[in-house]
Amino acid sequence: MRAVSASHFGPTSRAAAAKALPGVAEANQDNEEFVIVGVPKEIFPGERRVALVPAVLLNLKKVGLEVVIESGAGVEAGYPDALYVEKGAKVAPDRKTVFATADIITQVLCYGANDSTGKADIPLLRREQALIGFLRPLGSREVLQEIAATGVKAFSVELMPRTTRAQSMDALSSMATACGYKAVLEAADTLPRFYPMLTTAAGTITPARVLIVGVGVAGLQAIATARRLGAVVSAYDLRPVVKEQVQSLGARFVELPIEAENAQDARGYGTAQNEAFYAKQRELMARVVAENDVVITTAVVPGKKAPVLITAEMVKGMQPGSVIVDLAADRGGNCELTKPKETIVAHGVTIIGTINLASSLPHDTSSLYARNLTAFLQHLVKDGKLNLDMSDEITRETLLTQGGEIVQPRVREFFSLPALAAPVKA
Ligand code: NAD
């Protein structure tokens, strides 16, 4: 991508759009190089987050990034237009202007992750434009090819390496933290019991028992939250390495007499197991599930349908009034009875198939996401220019499409696309 100076607006729609936003050009009359970052309003139904918040704009400005925000984009997260203007952003009257003006579009749920209304953005994307956000890189090949066909350089935040260097850019962890926390609260809100032990004049109430299945970032936050609320917490994961982390949070690690083969891949993710393993796992978990009042499931494997770990029979074995929150609902669900986006009651047990829980804490999740994106933009932009160094792991791993093609090697392999003949050049 070419950085654009104010005097270099060619006869493009970007120039025309920039004229419609005089502040952008005027702010750069001194002819400094600058890149325009656009923030459209999220269009996934019910989505309340926004990609950038006012507090990060100063840091973006320092690396030569000007922000154009669609009017009202931050309102649902508690960031009205005036707060962005105060920090130097320009407000565009509509979505089309944001896409036409910006060199880099930042979104929370791009087409791909937004399988409901995201397609509407395809005609708005331009070759040589960059797009950053959740794109569901192991979702649908056809959708990714549609995005690629626009020529856009799409960066998927899901592909961020889980390394110490990339930690500040790790949006998956930020959102998973919110999901784990909120799942515990949703369950508490539904459970007809207290979480903590209460000693009252009317006698003692025993604490609720909470089981967390899948101990990644969301699971760990769920354990910590349930513990803070006074529940008795236990947790299970097929990766035995998490045992210590579970115990350090004051929960009991559930050990099942079954060992997963290569439980963890090189990047630290849990791996898919064969059906015999899952069958044995379900059999062994039945008793553990029945002993708990709340079960929060987060067990997923990248690029695969979530394993079914709780059967209808196991639900039947739970006490009436118990609650299951299935955080894997949008990946098919860890509970056989889960209905994505719905809350149902089966055998007296409430099963919450919530999706997109991170959107229910939009003020803080937008703030965390904006900080992740700011760190990422600071990494990608040098001296007011998008500067893609393909020898850098963070850039190489996250660049999903470029020049009309899906270019990320692992994603190509996942979709059985042949390896590209030449390495990707910036
Ligand atoms: P995730 O959302 O991919 O998966 C959630 C959990 O489900 C995982 O712990 C997985 O082992 C578990 N799981 C899968 N199948 C299961 C089954 N059949 N039974 C029980 N559990 C099952 O996880 P995540 O939160 O994205 O974290 C993935 C890994 O990345 C973890 O090792 C985590 O510690 C690591 N991580 C590292 C960093 C970093 O170093 N910067 C940051 C975040 C996460």
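As the structure lists them, so they are numbered: ligands from 1, and atoms in each ligand from 1.
At a heavy-atom distance under 4.0 Å, no atom of Ala176 approaches ligand 1. Of the heavy atoms in Asp170, only side-chain atoms (C-beta onward) come closer than 4.0 Å to ligand 1. Within the 4.0 Å heavy-atom criterion, neither part of Val242 lies near ligand 1.
Annotation: Pro307 places no N or O atom under 3.5 Å from an N or O atom of ligand 1; distance criterion only. An N or O contact shorter than 3.5 Å links Arg239 to ligand 1 by distance. The shortest N or O to N or O distance between Arg162 and ligand 1 is below 3.5 Å. Residue contacts with ligand 1: Val217 is placed with a nitrogen or oxygen under 3.5 Å of a nitrogen or oxygen of the ligand (distance criterion only). Annotation: Arg267 places no N or O atom under 3.5 Å from an N or O atom of ligand 1; distance criterion only.
Taking the side chain as every heavy atom from C-beta outward, Ile122 and Ile147 approach each other to under 4.5 Å. Two residues are said to be in side-chain contact when any heavy atoms from C-beta on lie closer than 4.5 Å; Asn356 and Leu109 meet this criterion. At least one side-chain heavy atom of Arg95 sits less than 4.5 Å from a side-chain heavy atom of Asp121.
Smallest separation of non-hydrogen atoms from Ala312 and Leu337: CB-CD2, 3.8 Å.
Here the protein heavy atom with the shortest distance to atom 3 (O) of ligand 1 is Tyr269 CD2, 3.4 Å. When hydrogens are left out, the protein atom nearest atom 2 (O) of ligand 1 is Val300 CG2, 3.4 Å; that is the closest non-hydrogen contact.
Under a 4.0 angstrom heavy-atom cut-off, Gly219 registers as lying outside contact with ligand 1. The closest approach between any non-hydrogen atom of Gln281 and ligand 1 is below 4.0 Å. Under the 4.0 angstrom criterion for non-hydrogen atoms, Leu238 is in contact with ligand 1.
In summary, Glu313 and Arg282 do not engage in a salt bridge, as defined by a charged side-chain N under 4.0 Å from a carboxylate O. Ion pairing between a basic and an acidic side chain is recognised when a charged N comes within 4.0 Å of a carboxylate O; Glu76 and Arg49 show no such pairing. Remark: Arg239 engages Asp237 in a salt bridge, criterion side-chain N to carboxylate O under 4.0 Å.
For CZ of Phe277, the number of neighbouring non-hydrogen atoms (other residues, nucleotides, ligands) closer than 6.0 Å is greater than 12.
Residue Ser173 approaches ligand 1 through these ligand atoms, each under 4.0 Å from one of its heavy atoms: 42 (C), 43 (C). Distances below 4.0 Å separate heavy atoms of Tyr278 from the following atoms of ligand 1: 18 (N).
Of the protein's heavy atoms, none falls inside 4.0 Å of atom 33 (C) of ligand 1.
Under the salt bridge (Lys or Arg N to Asp or Glu O under 4.0 Å) criterion, Lys280 pairs with Glu283, sequence neighbours left out.
Taking CD from Glu397 and OG from Ser156, the interatomic distance works out to 10.5 Å, rounded to the nearest 0.5 Å.
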